[in-house]
Amino acid sequence: MDSMGRHLWCLFVFVSLIPFNFGSLSANFYESSCPKLLSTVRREVVKAVAKEYRMGASLLRLHFHDCFVNGCDASVLLDDTSNFTGEKTAIPNKDSLRGFEVIDGIKTLVEESCPSVVSCADILSIAARDSVVALGGPSWVVALGRRDATTASFDRANNDLPSPFLDLPDLVSAFSNKGFDTKELVALSGSHTIGQARCSMFRVRAHNETTIDSEFAASLRSNCPFSGDDDKLSSLDVRTPSSFDTAYFKNLIQNKGLLHSDQALFNNGSADSHVTSYSSNPSAFFSDFAAAMVKMSNLSPLTGTDGEIRSDCRKINA
């Protein structure tokens, strides 16, 4: 086992004893029908993140963008068809969601061992957890038994996914609509301790806003001019971009949040105390983040005979 694999195993049990309500889902759902599922997903995620650390954030974001639109049903993975326009080309997703090939690869391997048994929604849920662990973050128990949607919603993706340009009241409202309070909003936003954003997402902040450290703003402007170069990337966490830690919150306290919606969490508002707490208490952040991820992954799953088990995550079964 390589060093990243050993690191993953060491962190894997962090919050496994926290009692969660999984509803109709079960952590042991595939114990007999696909016993190698968890090890297969873990191995492939570790390989993908070792090849490109950014992929960990990309897989986590895929799960978030799936669950916030009609629940965790893998609708985000569907390509457009003659019957519906999928979610991939919605404004929050277009030219930014990535990691589809990693999920495809995992699905292919799982289908070889357990054909028509494991849903794409469950693979995405496991991959998100394993991505966080691979980058040094907490683990949590992933309850399983989700089924896959047979349609997607372009409109809901445009309406339900929070914009990076939102102020705190609108962020609170967007997360409240999904059942999360302000503390959970801040904990989930801590996922921005990994990953990158395109210039078009922070250009206005870098060039026009005042709630930003001047030297930080200057460094962003050098990589993100006032016009053009929309796809230039900057790390969401300027301190430790490849580690899942509390540096994101330290950045916010220093007015070094990359996105407007990041800095909105620490701007003399109701979220300030949570940011301050997490910045100096990694164990609290890890525990709260894990609990919020469990809650998110349980948003409106399809179970029983609802939906289907796709054989190809990009399209519904024929």
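The structure displayed is predicted, hence computed values, not measured ones. What's counted below: heavy atoms across the whole structure, side chains too, no hydrogens, waters or symmetry copies.
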- Task: Please assess Asp312 against Lys107 for the test side-chain contact (heavy atoms from CB on, under 4.5 Å), listing each intermediate value before the final yes or no.
- Result: CA-CA 7 Å; Asp312 181 338; Lys107 178 63 171 175; over 6 Å; no

- Quick one: do the His260 and Glu209 side chains pair a donor with an acceptor below 3.5 Å? yes

- Query: Got a salt bridge between Asp130 and Arg42, using NZ or NE/NH1/NH2 to carboxylate O under 4.0 Å?
  - Reply: no

- Message: Donor-acceptor pair, distance only, cut-off 3.5 Å: does the side chain of Ser279 make one with the backbone of Lys250?
- Response: no

- Message: Quick check: is Val142 connected to Val102 through a chain of hydrophobic side chains (ILVMFWY, heavy atoms under 4.5 Å apart)?
- Response: yes

- So, the side chain of Lys178 versus the backbone of Phe68: is there a donor-acceptor pair under 3.5 Å, distance only? yes

- Task: Specify the closest pair of heavy atoms between Ala143 and Asp122, including all atoms of both residues, with the distance to one decimal.
- Result: O-OD1, 4.4 Å

- Task: Give the cluster check for Ile194 versus Phe202: same hydrophobic cluster or not, with ILVMFWY residues linked at side-chain heavy-atom distances below 4.5 Å.
- Result: no

- To the nearest 0.5 Å, atom CG of Leu265 lies from atom CG of Leu185 at 5.5 Å

- Message: In this structure, would Leu144 and Leu109 fall into the same cluster of hydrophobic residues linked by side-chain contacts under 4.5 Å?
- Response: no

- Message: If hydrophobic clusters are built by linking Ile, Leu, Val, Met, Phe, Trp and Tyr wherever their side-chain heavy atoms come under 4.5 Å apart, do Leu78 and Leu161 end up in the same one?
- Response: no

- Task: State, without any angle test, whether Thr211 and Asn267 hold a side-chain donor-acceptor pair at a distance under 3.5 Å.
- Result: no

- Note on the structure: Looking only at heavy atoms, the pair that brings Ala206 and Leu220 closest together is CB-CB, 3.8 Å

- Query: Is there a donor-acceptor pair closer than 3.5 Å between any side-chain N or O of Arg310 and the backbone N or O of Cys313?
  - Reply: yes

- Item | Separation between CD of Glu44 and CD1 of Ile103, rounded to the nearest 0.5 Å | 10.5 Å

- Kindly indicate whether the side chain of Met201, heavy atoms from C-beta on, has any atom under 4.5 Å from the side chain of Phe165. yes

- Distance-only, no hydrogens or angles: does the Asp272 side chain make a donor-acceptor pair with backbone N or O of Asn268 under 3.5 Å? yes

- Can you check side-chain contact (heavy atoms from CB on, under 4.5 Å) on Leu62 and Val76, steps first, answer last? CA-CA 7 Å; Leu62 263 183; Val76 72; 4.3 Å; yes

- Message: Taking CZ in Phe226 as the centre, count heavy atoms belonging to other residues, nucleotides or ligands within less than 6.0 Å. Is the count above 12?
- Response: no

- Quick one: are Tyr278 and Lys183 in side-chain contact, heavy atoms under 4.5 Å? yes

- Taking Asn251 for its side chain and Lys256 for its backbone only, find out whether a donor-acceptor pair lies under 3.5 Å. no

- Can you label the angle between the Phe285 ring and the Phe244 ring as parallel, tilted or perpendicular, going by 30° and 60°? parallel

- Item | Backbone of Phe216 reached by a side-chain donor or acceptor of Ser219 within 3.5 Å | yes

- Note on the structure: For Asp262 and Leu236, the nearest pair of non-hydrogen atoms, with its separation, is OD2-CD2, 4.0 Å

- Query: Is any side-chain N of the basic residue among Asp79 and Lys88 closer than 4.0 Å to the acidic one's carboxylate O?
  - Reply: yes

- Item | Side-chain heavy-atom pair Pro241, Gln196 within 4.5 angstrom cut-off | no

- Message: Are the side chains of Phe249 and Asn281 in contact, using a 4.5 Å heavy-atom criterion?
- Response: no

- Item | Neighbour count above 12 (heavy atom, 6.0 Å) for Glu31 CD | no

- Quick check: does any side chain N or O of Arg203 sit under 3.5 Å from a backbone N or O of Gly228, one acting as donor and the other as acceptor? yes

- Message: If we ignore hydrogens and angles and just use 3.5 Å, is the side chain of Arg146 paired with the main-chain N or O of Pro301 as donor and acceptor?
- Response: no

- Item | Gap separating the CZ atom of Phe84 from the OG1 atom of Thr151, nearest 0.5 angstrom | 5.0 Å

- To the nearest 0.5 Å, how far apart are NE2 in His63 and CD1 in Ile126? 10.0 Å

- Item | Arg205 and Leu259, any side-chain heavy atoms less than 4.5 Å apart | no

- Query: Taking the side chain as C-beta and beyond, is there a heavy-atom pair between Asp80 and Phe154 under 4.5 Å?
  - Reply: no

- Query: For the residue pair Leu25 and Ser297, what are the closest heavy atoms and their distance?
  - Reply: CD1-O, 4.4 Å

- Rounded to the nearest 0.5 Å, the CG atom of Leu60 sits from the CG atom of Leu135 at a distance of 9.5 Å

- Query: When you measure from the side chain of Asp229 to the backbone N and O of Cys224, does any donor-acceptor pair fall under 3.5 Å?
  - Reply: no

- Message: Set out, in order, the CA-CA distance, both residues' side-chain angles and the distance that settles side-chain contact (heavy atoms from CB on, under 4.5 Å) for Ser96 and Arg61, then state yes or no.
- Response: CA-CA 10 Å; Ser96 65; Arg61 187 167 182 255; 3.2 Å; yes

- Could you pull out the closest heavy-atom pair between Ile309 and Ser116, with the gap in Å? CG2-C, 3.8 Å

- Message: For a 4.5 angstrom cut-off between non-hydrogen side-chain atoms, does Asp288 reach His274?
- Response: no

- Task: Please round to the nearest 0.5 Å and tell me the distance separating atom CG of Asn158 and atom CD of Glu87.
- Result: 9.5 Å

- Query: Do you know the tightest heavy-atom contact between Glu184 and Gly179?
  - Reply: OE1-O, 3.9 Å

- Message: Are Leu38 and Phe29 linked, directly or through intermediate hydrophobic residues, by side-chain heavy-atom contacts shorter than 4.5 Å (ILVMFWY only)?
- Response: yes

- Message: Would the distance check show the side chain of Glu111 and the main-chain N or O of Thr108 forming a donor-acceptor pair, the cut-off being under 3.5 Å?
- Response: no

- Side chains of Ser75 and Asp73, donor plus acceptor under 3.5 Å: yes

- Over 12 foreign heavy atoms within 6.0 Å of CD1, Ile91: no

- Taking the side chain as every heavy atom from C-beta outward, state whether Gln263 and Ile212 have any atom pair closer than 4.5 Å. no

- Give the intermediate values and the outcome of side-chain contact (heavy atoms from CB on, under 4.5 Å) for residues Glu308 and Thr150. CA-CA 7 Å; Glu308 64 180 15; Thr150 56; 3.7 Å; yes

